[in-house]
Amino acid sequence: MSSENTATAATPEAGDAVVAQTDAVTSDAAAPAVGDAAAPAVGDATAPADGVGVSKAMIADIEEAMKDVVDPELGINVVDLGLVYGVHVDDENVATLDMTLTSAACPLTDVIEDQTRQALTTGPGGGLVNDIRINWVWLPPWGPDKITDEGRDQLRSLGFNV
C-alpha cells in the first residue's frame, strides 16, 4: 500500500474509526458509548478490523508512537508541537493522520512521512498499523496555541520564547 499526500480536509469513509485531536488531546465524543453492544469503542484493540481477527491499533498507542516523529528543524516531536490534528483507522488497519505543518512551504514533508511510516508500521509484530496515509491539512492553521505544555517546555529549553 502507498501513502497519499493531499492538502484537503479529511473525510473519513463509512465504517472508519475516527478520533479528532485538538491540542494533542483526543476526543471520542462521536464514538459509541463504552459497553455499546452495537459497535466497539473507537480504538478498541479487541475489535475485529476486518472480521478475520486483525485488530485495529489503539488510537492512544498511535499518538504515543507519533512522539517518535520529530520535526527535523526544531528537534521536537510532532505531537507536542500540535501538528497532529486527528487519527483515523479504517477496517484494513490503515491509519490516516490529519497533520499540518508550521508552514505550508515546509520542504520536509517527506522526512516527516518517512518517520511516521517507521514509527507506525515497523517493530515487534509488524507495527501498530498495516500502512499510513498523511492528509496534509491547512485549516485550522497551525499556531503556537497548538503546542502542548511539554512542547513549550522543550522549546523554552532551546531558547524559544513561547
Side-chain angles (χ1 to χ4, degrees), residues 1-32 39-45 47-50 54-123 126-148 150-151 154-155:
M1 293 183 201
S2 64
S3 64
E4 298 174 7
N5 289 333
T6 61
T8 60
T11 304
E13 297 177 17
D16 285 357
V18 178
V19 174
Q21 177 174 322
T22 304
D23 295 334
V25 176
T26 303
S27 169
D28 58 3
V42 173
D44 184 349
D50 60 5
V54 177
S55 63
K56 290 184 181 180
M58 297 281 294
I59 299 299
D61 291 341
I62 291 172
E63 292 169 350
E64 185 64 30
M66 287 299 292
K67 289 185 178 182
D68 290 339
V69 178
V70 176
D71 179 282
E73 293 178 319
L74 295 173
I76 297 175
N77 74 72
V78 296
V79 173
D80 287 329
L81 283 174
L83 301 179
V84 179
Y85 283 2
V87 176
H88 315 279
V89 179
D90 68 16
D91 289 337
E92 295 178 5
N93 205 28
V94 174
T96 299
L97 291 95
D98 296 335
M99 293 183 66
T100 195
L101 299 167
T102 57
S103 164
C106 179
L108 300 171
T109 56
D110 290 342
V111 172
I112 292 173
E113 183 174 344
D114 290 344
Q115 286 183 40
T116 299
R117 184 171 310 285
Q118 179 74 22
L120 298 181
T121 64
T122 64
L128 294 172
V129 296
N130 295 335
D131 199 9
I132 61 115
R133 294 183 187 109
I134 296 179
N135 183 34
W136 298 109
V137 296
W138 308 111
L139 293 175
W142 179 87
D145 60 307
K146 306 269 188 250
I147 303 171
T148 66
E150 188 172 325
Q154 293 174 48
L155 284 168

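Heavy atoms only: backbone and side chains are in, while hydrogens, waters and symmetry mates are out. The first residue of the sequence shown is numbered 1, and numbering continues consecutively from there.
- With hydrogens and angles ignored, the 3.5 Å screen pairs no side-chain donor or acceptor of Thr100 with any backbone N or O of Trp138.
- Within the 3.5 Å criterion, the main-chain N or O of Val70 finds a donor-acceptor partner in the side chain of Gln115.
- To the nearest 0.5 angstrom, Met99 atom CE is 5.0 Å from Thr116 atom OG1.
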Problem set entry | Derivation and outcome, side-chain contact (heavy atoms from CB on, under 4.5 Å), residues Val94 and His88 | CA-CA 8 Å; Val94 174; His88 315 279; over 6 Å; no
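- Between the side chain of Asp98 and the backbone N or O of Val137, no donor-acceptor pair lies under 3.5 Å.
- Expressed to the nearest 0.5 Å, how far CG of Leu120 lies from CG of Asn130 amounts to 11.5 Å.
- Annotation: the span from Asp114 atom CG to Leu108 atom CG amounts to 11.0 Å, rounded to 0.5 Å.
- Panel note: side chain Trp142, backbone Leu81; a donor-acceptor pair is recorded below 3.5 Å.
- Rounded to the nearest 0.5 angstrom, Ile132 CD1 and Met66 CE are separated by 7.5 Å.
- For the pair Thr109/Pro107, no side-chain contact is recorded, criterion being any heavy-atom separation below 4.5 Å from C-beta on.
- Under the 4.5 Å side-chain criterion, counting only non-hydrogen atoms from C-beta, Asn77 is not in contact with Asp68.
- The structure places CG of Leu83 at 11.5 Å from CG of Leu97, a figure rounded to the nearest 0.5 Å.
- For the residue pair Ile112 and Trp136, the shortest heavy atom distance occurs at CG2-CH2, 3.9 Å.
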Exercise. Would Ile76 and Asp71 satisfy side-chain contact (heavy atoms from CB on, under 4.5 Å), going step by step from the backbone distance to the final call?
Worked result: CA-CA 6 Å; Ile76 297 175; Asp71 179 282; 5.6 Å; no
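- Residue Leu101 comes nearest to Cys106 through the heavy atom pair CD1-CB, 3.7 Å, listed as atom of the first residue, atom of the second, then distance.
- Annotation: side chain of Arg117 is in contact with side chain of Asp131 (closest heavy-atom distance under 4.5 Å).
- Closest heavy-atom contact between Ala119 and Ala65: CB-O, 3.6 Å.
- The minimum heavy-atom distance linking Asp80 with Lys67 is given by the pair OD1-CE, 4.4 Å.
- With values rounded to the nearest 0.5 angstrom, Lys146 atom NZ is found 13.5 Å from Thr102 atom OG1.
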